[in-house]
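Have a look at the structure below, then the notes.
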Amino acid sequence: MKVLKFGGTSVGSAQRMKDVAKIICNGEQKIVVLSAMSGTTNTLVEISDYLYKKNPEGANEIINALQKKYDNVINELFSTEECKIAAKERLNLNFELIRSFTKSLFTLFEEKVVLAQGELMSTALVNMYLNEIGVKSVLIPALDYMRIDKNDEPDTLYIKEHLPKLLESEKDAEIYITQGYICRNPYGEIDNLKRGGSDYSASLIGGAIQAEEIQIWTDIDGMHNNDPRIVEGTKPVRQLFFEEAAELAYFGAKILHPTCILPAKINNIPVRLLNTMQPDAPGTTIFNQSESRTIKAVAAKDGITAIKIKSGRMLLAYGFLRKVFEIFESYRTPIDMITTSEVGVSVTIDNTKYLQEILDDLKKFGTVTVDKDMVIICVVGDLEWNNVGFETKVMDAMRDIPVRMVSYGGSNYNISMLIKAEDKCRALNSLSKELF
Ligand code: ADP
Ligand code: ASP
Ligand code: MG
């Protein structure tokens, strides 16, 4: 069975939902994972913000506007009056639940319930529409099988045990519709897989049922060789190796959520990135095969902080790096890039929640300097060290741009460079010109 995930823009209007229906209704049994309609999760975040600030009027104004938007979608999506009324009544339950929080205490727990309503509404609408046009579609509630553990990691055993049972109980369905992004935590409370997490839902589902393929349908024809929001004339990359895709997603290629590759890779399930607006375009296939001697793509990750620790104590000593890494570990802060010399080490982080505490601890070991507002530029492809010439090309493209760190050789698939945020656009354009 295939798993098809449609993102926010792909279900962003009544017409887009009808387009999705055309793509998924081909007689094959499949699981369809849906995001919230585009803009909805941001609106729910905004509503939560008003509720945290104890401003129920502000929240109500936005809730009413959002419900009006959904009423218009319903009027356009369904053809019979009966279905329109049924859909409005169905979504009114979600809106009444959101409204109930304007009258009560608002905490992280209630916020997660509010954030879950986007996916609950989009899936309800698409499922009702499919039923109206006579398709055998059923809702499989993500809250009944998608679960995270105490470390916020997916509980894959639980998912593997519960999802197949739910599918089995609806054996005759042609289409199983389910929510991306939302889940429960080990205490049974509603939770989520973080923003953009519907891609992750799709690959966890794919892994749990050993899917034949995971398809991520979005608003562009696959992974492009550079960020299409910044560089003109980018082109789709037709094939990517799992590792290459993971590096690109992690280092800023927004088309794919960074966590989405691992479940697919572990289970060796190909991932295809496809375009809802152009369903026949070949898109990108991500699988377990690398192409030699090609540079595939460039991506950029914003909001990076670089920390340099210089110490005479590092000279000819062992154990220094361990002490440095332990500090980051104790504050549960992942390190992205690292470069070392005999008297110093530089690392980058993107989570600065504990920056001050980390700096205070690092100062016990050496002189510490910090560069904020930096960007990691990541070049991905077959960068195996025996292949000569690729590093030169990359560095040549960066000849006019100050580079703070370079990391190469960590994997066979990437070179990363740290630059100032203000140089990002210039760097991405120059790399595209030099490499593609
Ligand atoms: P969805 O809502 O379907 O999950 P996203 O907005 O998360 O879609 O991802 C698709 C967007 O990712 C594209 O519209 C594009 O602007 C952006 N993007 C950033 N980098 C890339 C890239 N390298 N290739 C393709 N799209 C990219
Ligand atoms: N709706 C969620 C978000 O906007 C999840 C997703 O779209 O992947 O982040
Ligand atoms: Mg996305």
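Read the numbers this way: they start at 1 and go in the same order the structure lists the ligands and their atoms. The figures that follow rest on heavy atoms only: side chains count, while hydrogens, waters and symmetry mates do not.
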Based purely on interatomic distance, does [X] place a nitrogen or oxygen under 3.5 Å from a nitrogen or oxygen of ligand 2?
X      : result
Gly8   : no
Ser198 : yes
Thr41  : yes

With the threshold set at under 4.0 angstrom, would you say [X] reaches ligand 1 through any of its heavy atoms?
X      : answer
Lys5   : yes
Ser38  : no
Asn226 : yes
Pro228 : yes

Task: Contact partition for Thr234 relative to ligand 1, non-hydrogen atoms under 4.0 Å - done: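 It is neither; nothing of Thr234 touches ligand 1.
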Open item on the list: Below 3.5 Å, N or O to N or O, backbone or side chain included: is there any such pair between Met223 and ligand 1?
Closed with: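 Between Met223 and ligand 1, no N or O pair is found under 3.5 Å apart.
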Open item on the list: Heavy atoms only: which of Gln179, Arg195, Lys5, His257 lies closest to atom 3 (C) of ligand 2?
Closed with: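 It is Arg195 whose heavy atom sits nearest to atom 3 (C) of ligand 2.
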Do [X] and [Y] meet the criterion of a side-chain donor-acceptor pair at a distance under 3.5 Å?
X      : Y      : value
Asn127 : Ser137 : yes
Asn92  : Gln67  : yes
Thr178 : Tyr145 : yes

Open item on the list: Under a 4.0 angstrom heavy-atom cut-off, which atoms of ligand 2 come close to Ser35?
Closed with: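 Answer for ligand 2: 6 (C), 7 (O), 8 (O).
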Open item on the list: With heavy-atom distances below 4.0 Å as the criterion, list the atoms of ligand 2 near Gly197.
Closed with: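 Listed by number with element, the hits are 5 (C), 8 (O).
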Task: CZ-CD distance between Phe242 and Glu247, expressed to the nearest 0.5 angstrom - done: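 Those atoms lie 14.5 Å apart.
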TODO: Examine ligand 2 and decide if any of its atoms is less than 4.0 Å from a heavy atom belonging to Glu119.
DONE: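 Flag set, Glu119 near ligand 2.
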